[in-house]
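Presented below is the structure to which this report refers.
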Amino acid sequence: MKSTSRSSEKAMSDRSWRPRQGLDRAQRSREQDRAAGGAKRRLVDVGGGRLRSATVVLNGSSRTGRVGAVLRWSVDGHSTRVPLGEVDRPTRAENLREGWRLAEASGLLSSAPVAEGSWASSPGTRKSMQANKGKNTKPELRLRSLLHREGLRYRVSIRPIPPLRRTADIVFTKVKVAVFVDGCYWHGCTEHRTVPTTNRDFWARKIEGNKARDAETVRLLEQAGWKVLRFWEHVPAEDAARQIIEAVTTERLHASTVK
């Protein structure tokens with residue numbers, strides 16, 4: 001009976017990540033295009049004004065029974081691989097889509113130059129529009145679920161200060177509490193982040209730039225009277241939720257006292 005269970009689990013795992021046999025290069029590329037939402041959604045900035053097409057690779061572990069997604073691209077014959085995290089959809093197609101969503105949410109993807117007549121007014125505008133989908137990560141969903149269960153209501157992925165181009169993951173507008181859930185890789189977590197060996201200086205500068213922007217965001221929001229909470233994605237959602245509930249409760253009491 002145990003053997004049957006293990007066999008069934010392995011078959012399900014294979015279906016969730018293993019590519020079909022016999023696909024040629026063009027077919028594999030089309031599979032990636034479909035999952036990413038088009039060939040132009042598969043680009044990464046490799047420095048020097050150059051863009052390269054990337055691929056999401058799915059790896060199944062027979063030891064853990066889990067599937068991990070990795071973003072891979074090559075520059076001048078040298079390959080770079082960046083772990084995206086675990087995916088848990090039942091089919092390969094769904095897990096590829098989830099992998100591309102994780103890549104976009106992590107800020108790994110860039111955009112092609114805007115073609116003449118494009119609806120986007122500039123490359124920056126186009127990139128900003130595409131980045132609007134970089135939300136609803138698993139840590140965010142878990143945290144939001146816990147907060148909602150406790151009766152808290154909030155807004156998701158909005159700018160606490162509309163003119164300021166900084167988007168928070170969870171926002172309590174009435175009490176001015178902004179919550180950010182930071183991915184370990186792109187926000188420079190010293191505990192979990194890994195730096196690619198290829199273009200190491202480029203990626204280090206990019207991550208340092210993100211950290212500087214994070215610090216500036218906190219400063220600007222605090223100057224405007226906001227309470228800012230930032231959590232690494234690896235922080236247990238229960239711990240983060242407890243701190244958020246305490247902060248929102250405190251701000252509500254303060255607001256009622258002032259009135």
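- Using a 4.0 Å cut-off between charged side-chain N and carboxylate O, Glu31 and Arg92 make a salt bridge.
- Contact check for Val70 versus Leu84: no side-chain heavy atoms found under the 4.5 Å cut-off.
- Ion pairing of Arg142 with Glu238 is present here, as a side-chain N (NZ or NE/NH1/NH2) and a carboxylate O approach within less than 4.0 Å.
- Each of Val179 and Val218 belongs to its own hydrophobic cluster when Ile, Leu, Val, Met, Phe, Trp and Tyr are linked at side-chain heavy-atom distances under 4.5 angstrom.
- Counting heavy atoms from C-beta on, the side chains of Thr137 and Arg101 come closer than 4.5 Å.
- Lys227 has no carboxylate O lying under 4.0 Å from a charged side-chain N of Glu251, or vice versa, which leaves the two without a salt bridge.
- Residues Asp33 and Arg42 have side chains in contact (heavy-atom distance under 4.5 Å, counting atoms from C-beta outward).
- Using a 4.5 Å cut-off on side-chain heavy atoms (C-beta onward), Arg252 and Thr249 make no contact.
- Side-chain contact between His187 and Glu233 is absent, with no heavy-atom pair separated by less than 4.5 Å.
- Here the straight-line distance linking atom CG of Asp182 with atom CG of Asp214 works out to 5.0 Å at 0.5 Å rounding.
- Proximity of a side-chain donor or acceptor of Asp169 to a complementary backbone N or O of Val181 within less than 3.5 Å is detected.
- Contact check for Trp226 versus Ile161: side-chain heavy atoms found under the 4.5 Å cut-off.
- At a threshold of 4.0 Å, the pair Asp88-Lys138 counts as salt-bridged, since one of the basic side-chain nitrogens sits closer than that to a carboxylate oxygen.
- Using a 4.0 Å cut-off between charged nitrogen and carboxylate oxygen, Glu208 and Lys211 count as a salt-bridge pair.
- Between Leu164 and Leu221 the shortest side-chain heavy-atom distance falls below 4.5 Å.
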